[in-house]
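Each remark here refers to the structure printed beneath this line.
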Amino acid sequence: MAYGAAAAHDEHEHHPTGWKRWVYSTNHKDIGTMYIVLSMIAALVGGLMSWYIRLELADPGLQFIHDTQFYNVLVTAHGFIMVFFVVMPAMIGGFGNWFVPLMIGAPDMAFPRMNNISFWLTAAGFVLLILSALVGDGPGTGWTVYPPLSSIAYHPGPSVDFGILALHVAGAGSILGAINFIVTIFNMRAPGMTMHRMPLFVWSILVTAFLLLLALPVLAGALTMLLTDRNFGTHFYEVAGGGDPLLWQHLFWFFGHPEVYIIILPAFGIISQIVSTFSKKPIFGYLGMAYAMMAIGVVGFVVWAHHMFTTGIGVNTRAYFTVATLIIAVPTGIKIFSWLATMWGGSIDFKAPMLYAMGFIWLFVLGGVTGVVLANAGIDLSFHDTYYVVAHFHYVMAIAAIFAMFGAWYYWIGKMSGRQYPEGLAKLQFWVFFVGVNVLFFPQHFLGLAGMPRRIPDYPDVYAGWNMVSSIGAAITMVGTLMFFYVVFHTLMAGKKAAANPWGAGATTLEWTVPSPAPFHTHEEMPVIGGGGHAHGGHGQVKPAE
Amino acid sequence: MASQTATKSHPYHMVDPSPWPALGTVSALSLAIGGIWFMHGGPLWAIAPGFILLFSTFFFWWRDVVRESRAGVFHTEAVNHGLRVGFLLFIASEVMFFFAFFWAFFNASSPLFNRVAHTTWPPEGIVPFYAWGLPFLNTLILLTSGATVTVAHHAFRLGDRPKMVFWTGVTAALGIIFLLLQAFEYSHAAFGFRDGIYPSTFFMATGFHGFHVFVGTCFLIVCYFRARAGDFTSQKHVGFEAAAWYWHFVDAVWLFLFVVIYWWGSLGFTGVYSH
């Protein structure tokens, strides 16, 4: 068949070898792999920071960190690294690069050379962010970088400027990447791969790319104003010159709220693929699932001030933002119930990716429910800046996204590396990690309800008990993380050879029709999709290769 | 490259490996580090290496794109469609960049948008430019350039080379005149860059617009020389189309700047909305 011919051709395809293969790369699979490696390195750095934070918080009093600015730097860098250099590179740059072209039957991304600079700018942003923490006193601003704390009066050193330019550079890379994904999806689908037949992972990346395209430039503008306020004498956020610190909060959250959907939408796509594959059923309510993501993307742009309920904004404004925020629960509910309905009556195969998908649904529902609580402006006046918020966003966005990434890694590693992960060890890794994160974050709800503030390295003795439990959870999570890196090592060194489709009849998307590992170039002969089949049930399906 | 074109059966461009993205990344890193050194007391030349590397990247990267276009086989209609859609998306992201600066302006100037905004705008002590003087002249220049670039576009569609060269050149010249007038205007401002929120919003919004006029003018000048060299046909002139779209975008931003910042922002009646 055609793919065999493509694979044979691949052997004498000339591409650079050694370092040039990676640095000069115009290949979506190589660039995707580099993104995933960057994400793993950044996850170790950002993860170590969070473990150090939990170590400090295990007991009342200051035990390890006596320089409280350094504590603030840890909190800041942990947030930035996890959002911009772990989750986004892995989900969008990594799995998006690998599997969007494979799933729509395209031979590569639309702009392969631009794809390369998207990756390297992200890596350069990571370097600048690490530098920001290392020079001077570091940025102790939190990832939200609110002035006046971030202004030149309170952070006179170069750290905050390094942070600003880290986000500028990484943001430029992400905008170019977003353009690349949108054009690829609009312009390079194989014959018969209509929009309404695209796998939901492709839909999720498409919506995410639009959010990146429209939200990141607003952050770039806000950061530019902060940079000129700090260094060139403008007064955008300086009250003394007639400026307004709340302007920053508006602009930051106009970007920041879409940003949390940028993180979680690709996870929705990944979970949809996994749930459908291992339930051996097409996804329930395919069109509803696609349009729910679009609705979340659109409504996500008009809810930003729910991050600002305690800043003194008017009561009518708060009423509007409460209602708009609660509306998001509707399309989100469509997603949750469609995943459950997909599983209902299915012949479920509890492999590691499926465990992670079900773990994701648990975490996301729990974090979503606390989100509905926090959306109410009246209640948020009490909960703002407490550990309740920390627990909420780690459940709904952070750990949920990490679960989707683990699930995606187990789901696709056979296709990417040609080697299958060890199933027993992977299941054990899941359970350790699942128990760990819940012991880590669930007690933080109690701490927040009791009034413990976030971003403070010390606390009264009354909070000691649940903080110790939370830190024990962090230790379990650390074990689970190290187990994952061992599984990665074991898979790449000694994993069994993966079949083209290791998952059987449930795996119907196009990536399972090419050999494992996927050859350097795929779909050089574009596949033809569908035909007489009904579009809604048979999204992006062809007969499996074997 | 040869083997690629011989075997592929799809219309898309499988671009050869390239060193320019990595060079561009090095330029971004050195610009950032040099810029921070400069901002914290370093010499101005600290940003020079970054700029040299950046312009080298621009030159070599786009040289390769032009070569690939001239080769004839790579830029199929499907690829050109992708380039056009990609460029429109880039313009959409640029619109959102200006969105942030307009937000800053409205946040500061209008109690309609912000309860703690200034009750008078311009703030006391600020003498704004008279909108119907030089700013209006610049409006007329940019609107005229929007017309001339459209005349050029018709010439491209007809494949009339002398006309496309001439009208692209006229448009670029109008861009240069606009920039010279803006520099003249800046040098006669009755307020300094550091004199509070009014100059902050005025200079940053109009300044970024001026920078975009500069970029658009460079783009048109490149199209001028490419048109003279015979790169464009009536069927295929994606580079010019992108430049023309960019020019219209810059034009539209100016109309908003003129109406909102120069005219409405100088009327001095926003205080009537105050509470």
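Chain identifiers are assigned alphabetically (A, B, ...) following the order of the sequence lines, protein sequences preceding nucleic acid strands; residue numbering begins at 1 within each chain.
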Under 4.5 Å from any heavy atom of chain B, what part of [X] do you find: side chain, backbone, both or neither?
X	result
A:I117	both
A:S118	neither
A:F119	neither
A:F254	side chain

Greatest number of heavy atom pairs closer than 4.5 Å to chain A - which of B:F90, B:F98, B:Y12:
B:Y12

So do the side chains of [X] and [Y] get within less than 4.5 Å of each other, counting heavy atoms only?
X	Y	answer
B:M96	A:L216	no
A:R113	B:D16	no
A:N231	B:H40	yes
A:Y24	B:P19	yes
B:M14	A:P107	yes
B:H13	A:F111	no

Heavy-atom proximity to chain A below 4.5 Å, by part of [X]:
X	answer
B:F202	neither
B:H81	both
B:M204	side chain
B:P199	neither
B:L83	both
B:F99	side chain
B:F208	side chain

Salt-bridge contact B:R194-A:E238 (side-chain N to carboxylate O under 4.0 Å)
no

Could you tell me how the ring of A:F236 sits relative to the ring of B:F101: parallel (under 30°), tilted (30 to 60°) or perpendicular (over 60°)?
perpendicular

Any residue of residues 20-37 of chain B which, by heavy atoms, sits under 4.5 Å from chain A
B:P21, B:A22, B:G24, B:T25, B:A28, B:L29, B:A32, B:I33, B:I36

Rounded to the nearest 0.5 Å, how far apart are [atom1] of [X] and [atom2] of [Y]?
X	Y	atom1	atom2	value
A:H523	B:H10	NE2	NE2	11.0 Å
A:I175	B:F97	CD1	CZ	9.5 Å
B:L89	A:F181	CG	CZ	13.5 Å

I'd like to know if the side chain of A:H250 pairs up with that of B:N107 as donor and acceptor (distance under 3.5 Å, no hydrogens or angles considered).
no

Establish, yes or no, whether a centroid distance under 6.0 Å links the rings of B:W103 and A:W304.
yes

